[in-house]
Amino acid sequence: MTNIRIDHNLKFKTATLGCFLRLPLDKKTLALANILACMQSNASKSFPGINIQARTFSNLYNASLQIFPEVFGNQIVVFYTINFVEPREILDPDYNYQIVMDAFFKVVKEPLFDGQLLELAKRQLEQERKQYYELPANFALNGFFNTWYRNTPNYQDSVFGDEKTLKNVSLEEIKSFFNTLKNAPAFCLGQAQDPDSLTDLVQNRIDWPGYFDDFVVPTLSLSTIEDPIEKEVQFKSEQAQLLIGYGYDQSLPVYFKQFGGLFLGEYLAGDESSKLFTEVRKKLGAAYAIDATNYVNNSLFLISTGISKDKIAVASKAIKSGVGAVQAGKVDEDVFNKAKAALKRNYQISADRQDLILIQMLANALRGRDYTFEQRINDVKQFKMDKLIEFSQKLYFNESYCLK
């Protein structure tokens, strides 16, 4: 059976479609995916020029085309997505699903392998990479993850991929990489007011072998090895970036580690009433910002903050004490209830965002389930303080990374 699912669009004036291709993660593959995505975003065989391709989709009532790779645990997913006005919303007899799909799949399936286009993509990515890492927070996050995966280098550089490949890749390598994509497990997902018609049109265009392969990944998450490390890196900036990472067992139930991490992140650093915001920013006056994020696909709970350089030690102590208090069962019920309300609100808002609905469909396809926002909201309602404490007790300190 072909991997395709297009749901009925009941609330949006735009339709959306995504073709997602899955590859095992390594940094060379990620670099190749970034280069190809940049080339295809600029031009294609049918639209052999940046202005030509841009004008083509602009003329389709400003259809939004996006092509990029993204890392999900131990996998790279290459995104080909298009968001476009539903034909029923426009009184134009020459505008329909077929016209949009013709343009979209010409870009997806017919890249322009041109030397000048490749060199342009290299320059664009080099500039994008430079600008990205000029921000201390991004530079620090990359340094943290490269230290976290110091014994598994294929999992490092998980935004742009291998720098040497980005600079030196040849046209032949890009052609070969594109041919491998045809055999990569793939799935088409979307929403439309007439899902049956769009499904039929898409079905006729997805003839690559990967669309008939199993898309599900039994285990997406990367394991973490308990091997604590503390690292400081000198960096010319007005403030320091402090990142403190806790690992946990990859094999924990997905529900438990997902919602345990979400609740702990919201409880510690969700808003001005959260515990670390109160302790580190208000009482110590140390932090400009503080965040707590659960990277469930990396088996990592990460606390990061931009901080005054003379407050690094006291802030680090306060952060560890904040986690330790939850581990000891000291949970503020009012803050916990605020965290629960915030998470419910986030999911309610997500259900009204078409891009996040598509991401949820992708996550479900990768995990082989059908997990709705309504079910997520219900699971948030059912989550108790003892589960938060239990999750926190599964954490172990594994890395402190300071950019100062």
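Note that this is a predicted model, so its numbers are computed, not measured.
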Legend entry - Check against side chain to side chain donor-acceptor pair (under 3.5 Å), Thr2 and Gln203: CA-CA 8 Å; Thr2 314; Gln203 184 84 58; 2.6 Å; yes
Legend entry - Donor + acceptor pair across side chains of Gln258, Asp379 (<3.5 Å): no
Inset, instruction - Would you check if Asn138 and Asn142 make a side-chain contact, meaning some heavy-atom pair closer than 4.5 Å? - result: no
Inset, instruction - Answer whether the closest heavy-atom distance between the side chains of Leu366 and Val216 falls below 4.5 Å. - result: no
Legend entry - Charged N-O contact under 4.0 Å between Asp162 and Lys28: no
Legend entry - Exceeds 12 heavy-atom contacts within 6.0 angstrom, atom NZ of Lys309: yes
Legend entry - Whether over 12 other heavy atoms sit under 6.0 Å from Glu134 CD: yes
Legend entry - Where Asp157 and Asn146 come nearest, the two heavy atoms and their spacing: N-OD1, 3.0 Å
Inset, instruction - Could you tell me whether the side chain of Thr81 reaches within less than 4.5 Å of the side chain of Phe20, counting heavy atoms only? - result: yes
Inset, instruction - Assess whether salt bridge (charged side-chain N to carboxylate O under 4.0 Å, His left out) is satisfied between Lys167 and Glu163, documenting all intermediate values. - result: CA-CA 6 Å; Lys167 290 181 178 179; Glu163 185 177 2; 3.3 Å; yes
Inset, instruction - Work out which heavy atom in Ile6 is nearest to a heavy atom in Val202; give both atom names and the distance. - result: CD1-CG2, 4.2 Å
Inset, instruction - Looking only at non-hydrogen atoms, find the nearest pair between Gly49 and Ala43 and report the distance. - result: N-CB, 3.6 Å
Legend entry - Ion pair Lys404/Glu232, N-O distance below 4.0 Å: yes
Legend entry - ring-ring contact (aromatic ring centres under 6.0 Å, His included) partners of Tyr61, counting only residues at least two apart: Tyr95
Inset, instruction - Looking only at non-hydrogen atoms, find the nearest pair between Asn151 and Asp227 and report the distance. - result: ND2-OD2, 4.1 Å
Inset, instruction - Kindly indicate whether the side chain of Glu173, heavy atoms from C-beta on, has any atom under 4.5 Å from the side chain of Ser170. - result: yes
Inset, instruction - Kindly check if the number of other-residue, nucleotide or ligand heavy atoms within 6.0 Å of CD (Gln116) is above 12? - result: no
Legend entry - pair Phe12-Ile357: side-chain heavy atoms closer than 4.5 Å: yes
Inset, instruction - Please test Glu86 against Asn9 for side chain to side chain donor-acceptor pair (under 3.5 Å), starting from the C-alpha separation and ending with a verdict. - result: CA-CA 10 Å; Glu86 287 276 9; Asn9 176 16; 3.1 Å; yes
Legend entry - Residues, nucleotides or ligands: over 12 heavy atoms within 6.0 Å of Lys122 NZ: yes
Legend entry - Check against salt bridge (charged side-chain N to carboxylate O under 4.0 Å, His left out), Lys384 and Asp386: CA-CA 5 Å; Lys384 306 297 183 184; Asp386 60 343; over 6 Å; no
Inset, instruction - Show your reasoning for whether side chain to side chain donor-acceptor pair (under 3.5 Å) applies to Arg376 and Gln360. - result: CA-CA 11 Å; Arg376 292 173 189 268; Gln360 177 178 253; 3.1 Å; yes
Inset, instruction - Answer with yes or no after comparing the ring centroid distance for Phe235 and Phe139 against a 6.0 Å cut-off, counting only values under it. - result: yes
Inset, instruction - Please say whether more than 12 non-hydrogen atoms of neighbouring residues, nucleotides or ligands are located less than 6.0 Å from CG in Leu135. - result: yes
Inset, instruction - Classify the ring geometry between Tyr149 and Phe145 as parallel (under 30°), tilted (30 to 60°) or perpendicular (over 60°). - result: parallel
Legend entry - Closest non-hydrogen atom pair between Asn154 and Leu25, with its separation: O-CG, 4.2 Å
Inset, instruction - Using a cut-off of 6.0 Å, state whether more than 12 heavy atoms not belonging to Lys175 lie near its atom NZ. - result: yes
Inset, instruction - Using a cut-off of 6.0 Å, state whether more than 12 heavy atoms not belonging to Gln66 lie near its atom CD. - result: no
Legend entry - Contact check, side chains of Leu166 and Glu126, non-hydrogen atoms, under 4.5 Å: no
Legend entry - Side-chain touch Leu23/Phe177, heavy atoms, less than 4.5 angstrom: yes
Legend entry - Partners passing salt bridge (charged side-chain N to carboxylate O under 4.0 Å, His left out) against Lys340 (at least two apart in sequence or in another chain): none
Inset, instruction - Supply the atom-to-atom distance Phe72 CZ to Ser221 OG, rounded to the nearest 0.5 angstrom. - result: 14.0 Å
Inset, instruction - Go through the steps to decide whether Thr14 and Gln354 satisfy the test side chain to side chain donor-acceptor pair (under 3.5 Å), and finish with yes or no. - result: CA-CA 9 Å; Thr14 56; Gln354 202 168 30; 2.7 Å; yes
Inset, instruction - Would you kindly say whether Asp196 and Thr199 are connected by a side-chain donor-acceptor distance under 3.5 Å? - result: no
Inset, instruction - Could you check Phe84 against Phe57 for ring pair (Phe, Tyr, Trp, His ring centres under 6.0 Å), going step by step and ending with a plain yes or no? - result: CA-CA 9 Å; Phe84 57 98; Phe57 289 93; over 10 Å; no
Inset, instruction - Please work out whether the ring planes of Phe68 and Phe79 are parallel, tilted or perpendicular, with thresholds of 30° and 60°. - result: parallel
Legend entry - Inter- and intrachain pairs under ring pair (Phe, Tyr, Trp, His ring centres under 6.0 Å), touching residues 203-227, at least two apart: Phe178-Trp208, Phe187-Phe215
Inset, instruction - Check side-chain contact (heavy atoms from CB on, under 4.5 Å) between Leu252 and all other residues, then give those that pass, not counting sequence neighbours. - result: Tyr248, Asp249, Phe256, Lys257, Lys394
Legend entry - Minimum heavy-atom distance between Ile307 and Ala315, given as atom pair plus value: CD1-CB, 2.7 Å
Legend entry - Within-4.5 Å side-chain heavy-atom neighbours: Val77 and Leu21: no
Inset, instruction - Indicate the ring-plane relationship of Phe263 and Phe336, choosing parallel, tilted or perpendicular according to the 30° and 60° boundaries. - result: parallel
Legend entry - Lys182 NZ: over 12 foreign heavy atoms closer than 6.0 Å: yes
Legend entry - Pairs meeting criterion salt bridge (Lys or Arg N to Asp or Glu O under 4.0 Å) with involvement of residues 364-375, two or more places apart: Arg5-Asp370
Can you give the donor-acceptor pairs under 3.5 Å from side chains of residues 101-110 to other protein atoms, not counting sequence neighbours?
unit_1 : atom_1 : unit_2 : atom_2 : d
Asp102 : OD1    : Arg205 : NH2    : 2.3
Lys109 : NZ     : Arg205 : O      : 2.7
Lys109 : NZ     : Asp207 : OD1    : 2.9
Glu110 : OE1    : Ser46  : OG     : 3.3

